[in-house]
Peer 1: 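Below is the structure I would like to discuss, written out as structure tokens.
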Amino acid sequence: MRVLRSIDELRSIRAHSIANAQKVGFVPTMGALHLGHAELMKVASDQSDISIASIFINPKQFNSASDLAKYPRTIDDDLAICSECKVDYVYLPEISDVYPEGFDTSITPGSLGSLFEGASRPGHFSGMATVVVKLFNIVQPNVAFFGKKDYQQLAIIRRFVADLNFPIQIFGMETVREVDGLALSSRNAQLTDEERKEAPRFFEILQAFNRSFSSTDSLNEAISDAKAQLLSLQCFQLDYFDIAEQDSLQPSRDTSKRLVALGAILGSQVRLIDNQELQ
Ligand code: PAF
């Protein structure tokens with residue numbers, strides 16, 4: 001595994017891969033890597049001739065300076081995980097390479113970016129989309145891998161890849177969970193002991209909702225029940241819970257469509273998001 005720090009190094013690897021008709025797989029990350037990232041990297045490494053992960057804590061997608069400061073920084077452990085997952089290259093960009101002086105452009109998702117997380121975290125998806133577009137242009141992968149845990153992020157990336165004609169296949173991978181069901185997240189480390197104990201209830205409630213979704217006569221009642229259960233959590237406040245179409249994320253009650261339940265709950269230091277594709 002080689003660590004790359006400059007855009008020129010990536011360009012020359014890309015030129016070589018094109019000359020040799022090699023497929024490049026890419027896993028962008030912000031570090032604080034966990035088993036969910038490891039799965040993405042293993043699949044990228046298995047399915048590509050050349051696998052590249054990036055680690056870049058993107059300041060533009062944080063809502064406050066304190067949130068950015070709190071984000072875990074674990075670069076030595078991260079590089080060890082990348083190496084175990086057998087990625088070929090890890091790109092560690094300098095902030096001045098990603099956002100050089102005078103940088104004045106941003107990508108703003110349309111309606112997909114204003115709902116759910118977009119409503120709770122103004123500017124987050126614009127920061128995320130801007131950096132992912134930049135990383136796509138720097139790395140120029142054939143395929144990029146993202147987790148379904150960040151369901152709205154994945155939907156937005158699929159949308160701009162189609163809208164802006166990026167020749168990149170986007171691969172969405174199932175959420176990796178703790179044995180008690182809590183979705184793995186770099187931010188779980190910020191849960192208090194009490195919050196960590198109660199956090200698996202979030203996914204239990206989503207799963208129970210999925211079961212009632214397939215059997216209920218009243219979808220609105222099932223949604224109200226799930227909300228009531230989320231509201232009754234002791235350590236968390238409910239931010240949102242709703243069901244929406246899987247691709248557009250427009251809230252919907254049309255059960256003939258492919259739907260997903262999406263929720264967010266707030267702890268003292270950290271908000272958790274999770275989702276469940278409904279069957
Ligand atoms: O999911 C993440 O870790 C980030 O949002 C991403 C896609 C690496 C962009 O900074």
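Nothing here was measured: the structure is a model prediction, and the numbers come from that model.
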Peer 1: Would you sort out whether R258 and D247 count as a side-chain contact (heavy atoms from CB on, under 4.5 Å), showing the intermediate values?
Peer 2: CA-CA 8 Å; R258 291 162 60 242; D247 297 330; 3.4 Å; yes
Peer 1: Are the side chain of S114 and the backbone N or O of S111 linked by a donor-acceptor pair below 3.5 Å?
Peer 2: yes
Peer 1: Is any side-chain heavy atom of L184 less than 4.5 Å from a side-chain heavy atom of H37?
Peer 2: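 No, their side chains stay 4.5 Å or more apart.
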Peer 1: Counting distance only, does the side-chain N/O of S214 pair as donor-acceptor with the main-chain N or O of R211 below 3.5 Å?
Peer 2: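 The answer is yes, because a donor-acceptor pair under 3.5 Å joins these two groups.
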Peer 1: Test of understanding: with salt bridge (charged side-chain N to carboxylate O under 4.0 Å, His left out), list the residues that count as partners of D242, not counting sequence neighbours.
Peer 2: R253
Peer 1: Test side-chain contact (heavy atoms from CB on, under 4.5 Å) on V87 and V27 and set out the steps.
Peer 2: CA-CA 9 Å; V87 294; V27 182; 5.8 Å; no
Peer 1: Checking E198 side chain against C235 main chain: does a donor-acceptor pair fall under 3.5 Å?
Peer 2: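 Such a contact is found between E198 side chain and C235 backbone.
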Peer 1: Could you grab the distance from atom CZ of F241 to atom CZ of F209, nearest 0.5 Å is fine?
Peer 2: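 Going from the CZ atom of F241 to the CZ atom of F209 covers 4.5 Å.
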Peer 1: Verify, without hydrogens or angle tests, whether Q246 (side chain) and L259 (backbone) share a donor-acceptor contact under 3.5 angstrom.
Peer 2: yes
Peer 1: Could you list the residues that satisfy side chain to side chain contact (heavy atoms under 4.5 Å, CB included) with S120, not counting sequence neighbours?
Peer 2: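 Scan of S120 (side chain to side chain contact (heavy atoms under 4.5 Å, CB included), adjacent residues dropped) gives D239, Y240, R271.
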Peer 1: Go through F136 and I157 one step at a time and tell me if the side-chain contact (heavy atoms from CB on, under 4.5 Å) criterion holds.
Peer 2: CA-CA 11 Å; F136 280 177; I157 292 169; 4.2 Å; yes
Peer 1: For residues 165-179, which side-chain N or O atoms pair as donor and acceptor with protein atoms under 3.5 Å away, sequence neighbours left out?
Peer 2:
residue : atom : partner : partner atom : Å
E174    : OE2  : K148    : NZ           : 2.9
T175    : OG1  : K149    : N            : 3.2
R177    : NH1  : G181    : O            : 2.9
R177    : NH1  : D274    : OD2          : 2.9
R177    : NH2  : D274    : OD1          : 3.0

Peer 1: How close do L238 and A264 get, counting heavy atoms only, and between which atoms?
Peer 2: CD1-O, 3.7 Å
Peer 1: Keeping K134 on the side-chain end and V98 on the backbone end, is there a donor-acceptor pair under 3.5 Å?
Peer 2: yes
Peer 1: Can you tell me if D193 has over 12 outside heavy atoms packed within less than 6.0 Å of its CG?
Peer 2: no
Peer 1: Would you check if the side chain of Q152 reaches a backbone N or O of L112 as a donor-acceptor pair within less than 3.5 Å?
Peer 2: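 At least one qualifying donor-acceptor pair exists.
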Peer 1: If only atom types and distance count, is the side chain of S252 paired as donor or acceptor with the main-chain N or O of A244 below 3.5 Å?
Peer 2: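 Between the backbone of A244 and the side chain of S252 there is no qualifying donor-acceptor contact (under 3.5 Å).
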Peer 1: Output the distance between atom CE (M1) and atom SG (C85), rounded to the nearest 0.5 Å.
Peer 2: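 Reported to 0.5 Å precision, the distance equals 10.0 Å.
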Peer 1: Please list, chain by chain and in numerical order, all residues satisfying salt bridge (charged side-chain N to carboxylate O under 4.0 Å, His left out) with R5, sequence neighbours excluded.
Peer 2: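 For R5, no residue satisfies salt bridge (charged side-chain N to carboxylate O under 4.0 Å, His left out) once neighbours in sequence are set aside.
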Peer 1: When you compare the side chain of T192 with that of S268, does any pair of heavy atoms fall below 4.5 Å?
Peer 2: yes
Peer 1: Using modelled atom types and a 3.5 Å cut-off, is there a donor and acceptor pairing between side-chain atoms of N188 and backbone atoms of L272?
Peer 2: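 The answer is no, because no donor-acceptor pair under 3.5 Å joins these two groups.
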Peer 1: Measuring only between side-chain heavy atoms, which start at C-beta, is V270 closer than 4.5 Å to K70?
Peer 2: no
Peer 1: In Å, rounded to the nearest 0.5 Å, how long is the span from CG of D78 to OG of S83?
Peer 2: 12.5 Å
Peer 1: For the pair F160 and V132, evaluate side-chain contact (heavy atoms from CB on, under 4.5 Å) and give the outcome as yes or no after the intermediate values.
Peer 2: CA-CA 10 Å; F160 74 64; V132 173; 3.7 Å; yes
Peer 1: Of all residues at least two apart in sequence or in a different chain, which pass the ring-ring contact (aromatic ring centres under 6.0 Å, His included) check with F146?
Peer 2: none
Peer 1: Around atom CD of Q250, are there more than 12 heavy atoms of other residues, nucleotides or ligands at under 6.0 Å?
Peer 2: yes
Peer 1: In a table with atom names and distances, give each donor-acceptor pair under 3.5 Å that connects a side chain of residues 39-62 to protein atoms at least two apart or in another chain.
Peer 2:
residue : atom : partner : partner atom : Å
S45     : OG   : K86     : O            : 3.3
S48     : OG   : G25     : N            : 3.4
S48     : OG   : A44     : O            : 2.5
D49     : OD2  : K23     : N            : 2.6
S51     : OG   : D88     : N            : 3.1
S51     : OG   : D88     : OD2          : 3.3
N58     : OD1  : K60     : N            : 3.3
N58     : OD1  : Y99     : OH           : 2.5
N58     : ND2  : Q61     : OE1          : 2.9
N58     : ND2  : G127    : O            : 3.0

